[in-house]
Amino acid sequence: MIKNHRVLITSALPYINGIKHLGNLVGSMLTADVFARFQRARGRETLFVGATDEHGSTTELAALEAGQDVVTFCAEQHAAQADVCRRFGISWDHFGRSSNRPNRELTQHFARALWRNGHLELRTTQQVYSNADKRFLSDRYVIGTCPHCGYANARGDQCENCTRVLDPADLIGPRSAISGSSDLEVRPSTHLFLKQSQFVPQLREWIAGKTDWPVLVTSIANKWLDEGLHDRGITRDVEWGVPVPDDIGDGKLKGKVFYVWFDAPIEYIGATWEWAEANNRGDEWKRWWFGAAASDVTYFQFMGKDNIPFHTVGFPVTLMGSHEPWKLVDQLKGFNYINYFGGKFSTSQHRGVFMDTALEILPADYWRYYLIANAPEGSDSNFTWDHFAAVVNKDLADVLGNFVNRITKFCVSRFDGRVPGEGTYGPQERALIAELQQRVQTYTEHFEALEFRKAAAELRAIWVGGNEYLTRTAPWTTIKTDRERAAAAVRLGLNLVHTFAHLSWPIIPTAARTIHETIQPVTGNAAVIPWPSLDMAEELDQLEAGQSIQAADVLFAKITDEQIAEWTERFGGSE
RNA sequence: GGCAGCGUAGCUCAGUGGUAGAGCAGGGGAAUCAUAAUCCCUUGGUCGGGGGUUCAAAUCCCUCCGCUGCUACCA
């Protein structure tokens, strides 16, 4: 475990084009959020930033399709994503935009540094130009008949039918995917290429030092290095992007912008700058990213596996090539995908469950718990409504919710709704305290190790411990013959409820607050429910005798078979 | 095609050389504080197939099968 450090957390930037689905959520934003909450709860100085990734031809065309100009389109989409993230409890310190000024300045800064250091070169490539659309077309926007299989709507980068990789020039009868026009020509265009091949030894050494990274991450990174890094074009002939400044490329790049994958990760830094500006913190963003001032920062990145190459190779090359002391990632947590009834979640086909529609059905905490407890860490996982309902009903409603309910209601009916002060803790209480001492330690270690499934399983085991204890001590029985014994059990039970709120907060923040408030108001920083003391004997004996508590309402309503049927129908699924 | 990952109980998954595990589901029981919620006990697997290394293999090697991802202009 790393001590006395600041924690910088970024989640892969959600692309501007539409509300994300549950697979995107768990693979980046949600797990990053849970980790950020854990770190804040532990009292560490934490900065968690995110942003929308906005540039590129895909955005231009999505705006076109929506009948909006690209600036308006992005502003609306950003607001929509910020809102749904807020409602999901994603606790960014700042949620920025890659189209904002800080990212533009930083992107141009890095490009200038790379140019000055000789890591960029000009190359002229042949690009398809559409006269009708008055723009260059990226390969995927040229469609035509596949020369290999005869598929009529093959894309210029790859035929979806026979999966062969194509060049737009191979297509028979090529036309624009935008307008359908076949008035195409091939024009030369000059672009900046980043000479990534120069960085292979440096990257290899860097990756080799990351012995604690998941195999999923290092194997993908090493594969790219083993195959030899190709130099990479970092500019594009589109309009929506960070403009290439005139002092780069001998003035041959007028009107061109940087490729979205060049500027997007730089927005991690840009969003931190935005955060500093929004909070009147001046240059404080540099303290998280630059030089000796950031030497006590441990930097964690969260992303789906498709993003790993850009974070293990592309972005590090940008930072290394600047020859400036920028912070590189320390811990990279990559996730697999969640499948929806065995198929993929699909944004384009709107298949599966999306963040906004999920919240129409159930509160965020139901989803947060389920997704963390089933995070696709080892391999792709499957979402089904039956499984979702089984987990929510058993773990949240029965094990946690009902525990809070039974002990608080018993206290209200038999002890006047006040923490009883009679009786003393005996062997059963000491046994429970010893068990939780170990479990909380384990739970904490799982979070430190970024093992989300295991953390959730341990948390659940802690909740179960509460039920086991109540069954063993049975205060509803002992109260008939030994009121003091029952009182001690109720007192410990109420202390458990309080501690459960603290332990559960990173995963289910809203419910944790509700649970806490059945016992007493949350004090201190209202935005955080802190991690409990790791001394369970002290932790579980801290409520004041005589303080009043509330009987809990139903915390988690159970999902019914009717609802499962309705949602399966609404979202499609069982096929 | 190439590369990588995965394949363990009905389901979701731990387990990387030393007696096959957890949760859920299924079966039996206890209890009656509680959202019919809980707790205890329990059934269940030739660890994808085959071959090899080893005193010992779910674990290491080879091979086959199946699923998934990546393959550089989707992001």
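Quick note on labels: first sequence line is chain A, next is B, and so on, each numbered from 1. Since this is a predicted model, take the numbers as computed values, not measurements.
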Q: Select base, sugar-phosphate, or nothing to describe what A/L555 touches, counting heavy atoms under 4.0 Å on all strands.
A: base
Q: Sticking with atom P, work out how far B/rA37 lies from B/rG5, rounded to a whole angstrom.
A: 44 Å
Q: To the side chain of A/R232, which of B/rU35, B/rA72, B/rU12 is closest?
A: B/rA72
Q: Residues in salt bridge (Lys or Arg N to Asp or Glu O under 4.0 Å) with A/E562, at least two apart?
A: none
Q: Please determine, for the side chain of A/Y259, which listed nucleotide (B/rU35, B/rA75, B/rC40) has the closest atom?
A: B/rA75
Q: Scan side-chain atoms only and decide if A/S189 and A/H191 contain a donor-acceptor pair under the 3.5 Å cut-off.
A: yes
Q: Taking side-chain hydrogen bond (donor to acceptor under 3.5 Å, both in side chains) as the test, write out the residues that go with A/T59, two or more places apart.
A: A/Y15
Q: Below 4.0 angstrom, which residues in residues 399-406 of chain A have at least one non-hydrogen atom near RNA chain B?
A: A/G401, A/N402, A/N405, A/R406
Q: Considering only the P atoms, how many Å lie between B/rU12 and B/rC55, rounded to the nearest integer?
A: 38 Å
Q: With a 4.0 Å heavy-atom cut-off, tell me which residues in residues 451-462 of chain A come close to RNA chain B, sorted by residue number.
A: A/R453, A/K454, A/R460
Q: Name the one of A/Y369, A/W463, A/Y370 that satisfies side chain to side chain donor-acceptor pair (under 3.5 Å) with A/D395?
A: A/Y369
Q: B/rG26 pairs with which nucleotide, Watson-Crick or G-U wobble, both distances below 3.5 Å?
A: B/rU42
Q: Heavy-atom contacts under 4.0 Å between residues 409-418 of chain A and RNA chain B, which residues?
A: A/K409, A/F410
Q: Using a cut-off of strictly less than 4.0 Å, decide whether A/K394 has a side-chain nitrogen or oxygen near OP1 or OP2 of B/rU38.
A: yes
Q: Rounded to whole Å, how long is the line connecting atom CH2 of A/W476 with atom P of B/rU38?
A: 13 Å
Q: Within the structure shown, what part of the strands sits under 4.0 Å from A/E54 by heavy-atom distance: base, sugar-phosphate, or nothing?
A: nothing
Q: Which part of the nucleic acid, if any, lies within reach of A/V464 when heavy atoms closer than 4.0 Å are counted: base, sugar-phosphate only, or nothing?
A: sugar-phosphate
Q: Of the options B/rA75, B/rU12, B/rU38, whose atoms approach the side-chain atoms of A/N382 most closely?
A: B/rU12
Q: What's the closest nucleotide to the A/N374 side chain, out of B/rU38, B/rC73, B/rU12?
A: B/rU12
Q: Is A/Y141 close enough to B/rC74 that one of its side-chain N or O atoms is under 4.0 Å from OP1 or OP2 there?
A: no
Q: From the list B/rA75, B/rC73, B/rC40, which nucleotide is the closest neighbour of the side chain of A/R236?
A: B/rC73
Q: Salt bridge (Lys or Arg N to Asp or Glu O under 4.0 Å) with A/D365: which residues, sequence neighbours excluded?
A: none
Q: A/D553 near the nucleic acid: base, sugar-phosphate alone, or nothing, with a heavy-atom cut-off under 4.0 Å?
A: nothing
Q: Between B/rA14 and B/rG52, how far apart are the P atoms? Round to whole Å, please.
A: 30 Å
